[in-house]
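Here the structure is a predicted model, which is why all the values come from computation and not from measurement. When reading the values below, keep in mind they use all heavy atoms of this one structure, side chains included, and skip hydrogens, waters and symmetry mates. Chain naming here is simple, since letters A, B, ... match the order of the sequence lines and numbering starts at 1 in each.
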Amino acid sequence: MEITAIITALCLVLGSLLGITGGIGVYRLPDFFTRLHACGITDSACAFLILSGLMFQTGTSLETVKLLFILIFLLITSPTSTHALAKAALNSGETPLMEQQQTQQKREER
Amino acid sequence: MDSIPMNVSGHFNYWVAIFLMMTGFYVVISRGNLIKKLIGLNLFSTSVFILYISLGKIHGATAPIASETFHLYSNPLPHVLILTAIVVGVATTAVGLALTARIYEQYGTIEEDEIRIKDESL
Amino acid sequence: MELFIDITLLTFLCITALAITVIRKLFCAVMLAGIFSLLSACLFVSMDAVDVAFTEAAVGTGIATVLMLAALNLSHSREKCPPYQPLLALLVVCTTGAVLVYGTMDLPAFGDATAPIHHHVAPRYIEQSQQEIGPPNFVTSILASYRGYDTLAETVVIFTAGLSVVALLGIRDRRGGQSITTDRSAMKGYLVLRVVTKLLLPFIFLFALYVQFHGDYGPGGGFQAGVIFASGVIIHSLTLGRDRTLKAFPQRFLTILATAGVLLYGGTGLAAMVRGGNFLDYSVLGATALAGQHLGIFLVELGVGVTVFASMTLMYYAFSYRKEA
């Protein structure tokens, strides 16, 4: 087996594992912001690994450039969308879990 | 593939498309909310698209763009019909949504039965 | 392997469809409808319909969701419980479904190359279109040339739909009284979003142009390009404020564009008649038949793209300005 095929396989498997982790995270984590964090993993690391894994397969051709563009686009847009979501949630009154716990602790101390 | 009875594996796609179609149909006729009805209608049309594209697929074929390495292409005709249907579908949905917005302004509700009550009281 | 992907996607589609029927929050239902579109786009790719997948991804997930959300913004976002049990509806649906399933028994199996559908006109399109029309993408040559009449009518339908939405909702140009800096619809607090939008907008428009003019060689064409261009304008309006967008793309300009697109399409057909051919027979437009076809398809796709872009943007304007009125 060629070395590029091995690298591609590694990237794809690792990327898919991260994707599954992100999915489980969205399902299992307790509140909006922690779920968003799980989403972020899928958006950035998983997409990055899968796309770069595919890039090893295309060699040097037009497809590689296209994949690179998709990668750059995702690297810009996915953090932005996560940020916008988090900010929108904060603005509409969603409080992070840690803050909730802190206010609860303060209340108990009183 | 061959171990599965031919009938099931061969028609599975159509059946699922029909199931989705019927789900959309059910939403359209059982719900009173006009926007929900439009969503159901969208569901229905997308399932029809899936059925059409399923009919055009050939096993082992590739996308209908001429290339030197492939010689078997899936049927491009359903693709053309559906491609335009999708855009026309969203345009007509937009008209429906505009009508819904106007109905809400006039009646203050988008529930079918409430609209009927208001209509009869006029 | 293909079968496995197929089954997975179909299962997801069924789950999404059932979730849409159950859920009462209309906002969630709209989002699920977007997911449904995206899943069906994936399914289209696995069934070799790349052009269709492209359109579905751009239209179903992008424009349709935005328009639905805009309509929700103008009305209630929660559905009331129906006062009766929809048992009759269920019965009707089950009966219809059973009849349809019975009907599929006569259909040829999925993926069967010997099915009649693959032996009527499709072989001619696949074998001859390279010599007769030119573009390697068969979908483009059928769409713009062989079935040019259909596409003309569909462009007119989109144009009419755009006009109807504007006629129903009306667009009020409020630029007279208000200066741009006090526009409340601009997302002032979202600095990152605004900067990234400004950064990406040129590339979105560039990509739309690429899709428009590369449609002969790969998936793409006027319909997709128009929709992508319109999404660019919608993003601009959502993040930077409606008034700024209205300044960049005035309503009058868009109305003229929508009309110009349809006229360009019809005019190409008429030009062919003037040159002595049939309506929408582009072969007579150039020195050789192939050059004529190339020019004809270029003009027709441009007309489609312009009309789709202008109509979709006008629809969005109509929904988005209604709240203020």
Side-chain donor or acceptor of [X] paired with backbone N/O of [Y] under 3.5 Å:
X	Y	value
B:Lys118	B:Tyr107	yes
C:Gln224	C:Asp51	yes
C:Asn137	C:Gly218	yes
B:Asn33	B:Glu111	no
B:Lys37	B:Arg31	yes

Identify which part of [X] has an atom lying under 4.5 Å from any heavy atom of chain B, answering side chain, backbone, both or neither.
X	value
C:Ile117	both
C:Leu72	both
C:Val30	both
C:Leu90	both
C:Thr65	neither
C:Gln130	side chain
C:Val45	neither
C:Thr104	both
C:Phe54	neither
C:Val101	both
C:Phe36	side chain
C:Ile20	both

Please name the pair of heavy atoms, one in [X] and one in [Y], separated by the smallest distance, quoted to 0.1 Å.
X	Y	result
B:Ala63	B:Tyr73	O-CD2, 3.4 Å
B:His11	C:Met105	NE2-O, 4.1 Å
C:Phe319	B:Ala98	CZ-N, 3.4 Å

By a 4.5 Å heavy-atom criterion (distance strictly below it), what part of [X] contacts chain C: side chain, backbone, both, or neither?
X	answer
B:Ile110	side chain
B:Leu99	both
B:Ala17	neither

Chain B: which of [options] shares the most heavy-atom pairs with it under 4.5 Å?
options	answer
C:Leu43, C:Ile63, C:Leu107	C:Leu107
C:Thr11, C:Leu67, C:Leu100, C:Val50	C:Leu100
C:Ser37, C:Ala122, C:Ala89	C:Ala89
C:Ala53, C:Ala115, C:Pro108	C:Pro108
C:Gly226, C:Pro136, C:Ala161	C:Pro136
C:Cys94, C:Ala113, C:Cys14	C:Cys14

### Task
Tell me yes or no: between the side chains of C:Tyr125 and B:Asn75, is some donor less than 3.5 Å from an acceptor?
no

Among the listed options [options], the residue most often paired with chain C at heavy-atom distances under 4.5 Å:
options	value
B:Ile50, B:Leu51, B:Leu34	B:Ile50
B:Thr100, B:Val27, B:Ile35, B:Ile82	B:Ile35
B:Val90, B:Thr84, B:Leu81	B:Thr84
B:Thr109, B:Thr93, B:Ile39, B:Leu72	B:Ile39
B:Thr92, B:Asn42, B:Leu55, B:Ile103	B:Leu55

Do the non-hydrogen side-chain atoms of [X] and [Y] ever get within less than 4.5 Å of each other?
X	Y	result
C:Asp6	C:Phe110	yes
C:Leu69	C:Asn73	no
B:Tyr52	B:His79	no
C:Phe223	C:Val59	no

Taking distance alone, no hydrogens or angles, what donor-acceptor pairs closer than 3.5 Å link side-chain atoms of residues 18-25 of chain B to residues at least two apart or in another chain?
unit_1  : atom_1 : unit_2  : atom_2 : d
B:Thr23 : OG1    : B:Phe19 : O      : 2.7

#### Entry: Of all pairs that satisfy salt bridge (charged side-chain N to carboxylate O under 4.0 Å, His left out), the ones with a partner from residues 98-109 of chain B, not counting sequence neighbours
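For residues 98-109 of chain B: B:Arg102-B:Glu105, B:Glu105-C:Arg322.
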
